[in-house]
Amino acid sequence: MMNAVYSGTFDPVTNGHLDIIERCSKKFGRITVLVLNNPSKKHMFTVEERINLLREVTKDIKNVEVDSFSGLLVDYMKKNQVKLIVRGLRAVSDFEYEMQMALMNNRLYDDAETVFLIARNQYSYLSSSIVKEVASFNGNINGLVPKIVELAIKEKLKGV
Ligand code: ADP
């Protein structure tokens with residue numbers, strides 16, 4: 001079975017991400033959830049914190065591992081001999097960016113293919129940023145992120 005990377009920012013992991021991870025873990029070989037370190041974006045969690053949360057919430061899924069990378073996704077893929085990229089698609093609004101990334105990655109690495117899993121209905125509006133925004137105004141984020149992520153967000157917000 002083919003190994004795949006599921007790359008993203010995961011700041012922090014949501015139930016939508018977790019659903020994609022669970023679904024592709026049943027279809028592919030080893031799934032590497034890859035936290036891409038993008039210094040131009042402002043984050044709530046450090047890369048280490050994001051990795052730790054991802055490891056914790058995926059610990060019961062045998063073929064899932066978590067890693068991080070600074071630089072081009074295709075360079076990580078070449079180095080680790082992975083040729084498949086998994087991404088989630090929520091709405092048409094995701095499509096333009098995802099298509100651009102898929103085409104560019106394929107241009108940079110001919111062997112790279114991107115597959116898209118359509119987000120489940122109940123998560124199609126869910127993003128890390130909207131969860132952080134709702135939480136920052138004390139809104140209820142129960143059910144949108146795993147419990148430990150909910151606690152971690154609350155802990156972060158105490159500090160600001
Ligand atoms: P990025 O900054 O690379 O888009 P994200 O962490 O926001 O990183 O998302 C990583 C991947 O997961 C993307 O392909 C994104 O479309 C997908 N994704 C994000 N939220 C959801 C969700 N609720 N359901 C399904 N896929 C999602």
Side-chain angles (χ1 to χ4, degrees), residues 2-28 30-58 61 64-77 80 82-109 112-136 139-150 152-153 156:
M2 239 178 153
N3 296 335
V5 284
Y6 175 39
S7 60
T9 311
F10 304 106
D11 186 41
V13 55
T14 68
N15 285 344
H17 293 131
L18 199 51
D19 182 59
I20 297 287
I21 296 170
E22 281 166 358
R23 284 162 61 196
C24 66
S25 75
K26 294 177 191 153
K27 298 283 180 282
F28 303 116
R30 190 185 64 244
I31 310 296
T32 305
V33 182
L34 191 63
V35 179
L36 281 178
N37 194 358
N38 179 355
S40 67
K41 283 197 200 166
K42 218 182 145 351
H43 301 118
M44 175 179 264
F45 293 92
T46 67
V47 171
E48 283 67 35
E49 289 168 332
R50 282 179 266 156
I51 289 177
N52 288 339
L53 289 171
L54 276 163
R55 289 214 170 113
E56 182 63 29
V57 301
T58 59
I61 317 173
V64 171
E65 60 173 32
V66 184
D67 200 359
S68 69
F69 192 64
S70 320
L72 290 176
L73 173 60
V74 291
D75 288 337
Y76 180 92
M77 293 172 71
N80 293 280
V82 188
K83 294 175 178 174
L84 204 60
I85 305 165
V86 172
R87 297 280 291 176
L89 270 185
R90 285 162 294 189
V92 181
S93 50
D94 277 344
F95 182 79
E96 201 168 320
Y97 174 71
E98 292 295 342
M99 181 166 160
Q100 190 181 24
M101 295 301 289
L103 290 171
M104 181 53 80
N105 283 326
N106 185 247
R107 181 198 159 94
L108 295 171
Y109 181 26
E113 292 292 351
T114 306
V115 296
F116 296 100
L117 271 69
I118 303 296
R120 268 188 223 283
N121 243 336
Q122 70 260 41
Y123 300 131
S124 62
Y125 59 92
L126 183 57
S127 67
S128 301
S129 22
I130 203 165
V131 167
K132 288 182 282 189
E133 187 160 349
V134 169
S136 75
N140 185 2
I141 56 167
N142 188 5
L144 303 179
V145 293
K147 200 75 205 168
I148 62 150
V149 175
E150 190 180 334
I153 293 174
K156 278 281 172 195

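Numbering of ligands and ligand atoms starts at 1, following listing order. Note: hydrogens, waters and symmetry copies are ignored here, and every other heavy atom, side chains too, is used. Note that the numbering runs from 1 along the sequence shown for the chain. All figures in this text were calculated on a predicted structure; none of them were measured in a lab.
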May I ask you to decide if Arg30's main-chain N or O and Asn3's side chain share a donor-acceptor pair within less than 3.5 Å? yes
Test item: Ser128 side-chain N/O and Pro12 main-chain N/O as donor-acceptor pair under 3.5 Å: yes
Count the heavy atoms belonging to other residues, nucleotides or ligands that lie under 6.0 Å from OH of Tyr125, then report whether that count exceeds 12. yes
Identify, chain by chain and in numerical order, each protein residue with a heavy atom under 4.0 Å from an atom of ligand 1. Tyr6, Ser7, Gly8, Thr9, Phe10, Gly16, His17, Ile20, Lys41, Arg87, Gly88, Arg90, Asp94, Glu98, Ala119, Tyr123, Leu126
Checking the side chain of Asp19 only, and the main-chain atoms of Ala119 only, is there a donor and an acceptor separated by less than 3.5 Å? no
Taking C-beta and beyond as the side chain, do Phe69 and Asp75 meet within less than 4.5 Å on heavy atoms? yes
Flag, side chain of Arg50 to backbone of Val13, donor-acceptor distance under 3.5 Å: no
